[in-house]
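To keep things clear, I will list the structure first and then write my remarks on it.
The shown structure was predicted, so the numbers you read here are calculated from the model rather than taken from an experiment. Values below: all heavy atoms of this structure, side chains included; hydrogens, waters and symmetry mates excluded. We number each residue from 1, following the sequence as shown.
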Amino acid sequence: MIIETYTPEETFELGRKIGAEAKPGQLYTLIGDLGVGKTVLTQGVAAGLGITEPISSPTFTIIQEYETGRLPFYHFDVYRIGDVEEMEEIGYNDYFFGTGISLVEWANIIEEILPEHYTQITIEKDLEKGFDYRRITIEEI
Ligand code: ADP
Ligand code: MG
C-alpha cells in the first residue's frame, strides 16, 4: 500500500491509524533517510495507542518503553548502533516476540536479526513534488 502525504500532520495521522489498529505482538520497521519523518510517524503510532506522554527519538538509548497506552510500546532507534550484538544485550527478543508493539527506526541496519514476518514502512521524499511531500509504502514482509 502506498500513501502520499504533504504535511507532517498527515504523516502523524497515518501513524495514529496504524497505532489504533495495531495488534498485540506486531512489529513495525521504519526505513528512510534522516529527517524524512520516521519519528513524526512514530509519534502518531504512539498517539493511536493512547500514549499521551511526549515521544522523542531514543537515539542514545536504542530503546524507549511506554507503558501507558492500550498496549506496551517499544520504540527503537538503531541509527547509532555499532553492532547487532548491542541488540542481543538489550534482549530485543523479549520485545519483538512479546505482546507489546515494537517499532524500529532505521531497521535496515539490523535486518539480519529481524523476524520472518513484520510490517515494513518506507518513507521517501520526492523533491519534484514539493519539500514536504512524502511517499509512504507499507508492506507485509
Ligand atoms: P526522522 O525520524 O526520519 O529522522 P523526523 O520525523 O525527526 O525524521 O523529522 C521529519 C521532519 O520533516 C520534521 O521536521 C517534519 O516537520 C518535516 N516534515 C515535512 N513534511 C513532512 C511530512 N509530509 N511528513 C513527515 N514529516 C515532514
Ligand atoms: Mg527519528
Side-chain angles (χ1 to χ4, degrees), residues 1-127 129-141:
M1 178 171 55
I2 295 176
I3 296 110
E4 297 176 298
T5 70
Y6 295 85
T7 63
E9 291 74 22
E10 283 182 68
T11 299
F12 182 95
E13 275 312 313
L14 172 64
R16 189 205 291 277
K17 269 188 214 142
I18 292 169
E21 289 167 13
K23 298 201 174 61
Q26 220 159 343
L27 167 65
Y28 298 92
T29 65
L30 270 181
I31 299 177
D33 294 339
L34 200 66
V36 81
K38 299 182 295 300
T39 298
V40 169
L41 189 117
T42 302
Q43 288 165 338
V45 172
L49 286 165
I51 296 161
T52 51
E53 56 200 291
I55 309 290
S56 56
S57 236
T59 301
F60 295 101
T61 52
I62 300 179
I63 178 174
Q64 197 76 51
E65 300 186 40
Y66 300 89
E67 302 285 351
T68 58
R70 176 170 69 81
L71 292 165
F73 182 50
Y74 310 122
H75 178 201
F76 295 77
D77 186 325
V78 300
Y79 182 59
R80 285 171 203 278
I81 211 165
D83 194 279
V84 290
E85 250 176 50
E86 285 179 50
M87 290 294 286
E88 310 274 2
E89 280 160 26
I90 63 169
Y92 75 91
N93 268 312
D94 294 343
Y95 300 107
F96 286 7
F97 298 104
T99 53
I101 303 300
S102 298
L103 182 152
V104 187
E105 292 192 44
W106 295 101
N108 48 305
I109 293 173
I110 58 153
E111 197 162 22
E112 62 193 273
I113 60 159
L114 291 176
E116 200 179 348
H117 295 292
Y118 53 92
T119 304
Q120 176 171 282
I121 304 172
T122 308
I123 311 180
E124 296 160 291
K125 292 187 185 182
D126 182 345
L127 291 176
K129 298 197 177 180
F131 190 67
D132 290 347
Y133 169 86
R134 303 292 190 269
R135 183 171 51 249
I136 303 172
T137 308
I138 304 178
E139 301 164 272
E140 296 304 327
I141 305 291

Salt bridge (charged side-chain N to carboxylate O under 4.0 Å, His left out) partner of Glu4, chosen from Lys129, Arg135, Arg134
Lys129
Parallel, tilted or perpendicular for Tyr92 and Phe96, by the 30°/60° rule?
perpendicular
Work out which heavy atom in Phe97 is nearest to a heavy atom in Pro115; give both atom names and the distance.
CZ-CB, 3.6 Å
Could you tell me the separation between the CG atom of Asp83 and the CD1 atom of Ile110, rounded to the nearest 0.5 Å?
12.0 Å
Would a 4.5 Å heavy-atom cut-off, applied to side chains only, mark Thr29 and Ile141 as touching?
no
Counting neighbours of CG on Asp132 that are heavy atoms of other residues, nucleotides or ligands and sit closer than 6.0 Å, is the number greater than 12?
yes
Can you name the nearest heavy-atom pair linking Thr11 to Gly37, along with the distance?
CG2-O, 4.2 Å
Crowding at CD, Glu140 (>12 non-hydrogen neighbours, <6.0 Å)
yes
Is any side-chain heavy atom of Gln43 closer than 4.5 Å to one of Thr39?
yes
Which heavy atom of Ile109 sits nearest a heavy atom of Val78, and at what distance?
CD1-O, 3.8 Å
Quick check: do Asp33 and Lys125 have side-chain heavy atoms less than 4.5 Å from each other?
no
For a quick check under 3.5 Å, do Tyr79 and Glu105 share a side-chain donor-acceptor pair by atom type?
no
Tell me whether the count of non-hydrogen atoms from other residues, nucleotides or ligands lying under 6.0 Å of CD in Glu111 goes above 12.
no
Shortest non-hydrogen separation from Pro72 to Tyr74 and the atoms involved
CB-OH, 3.4 Å
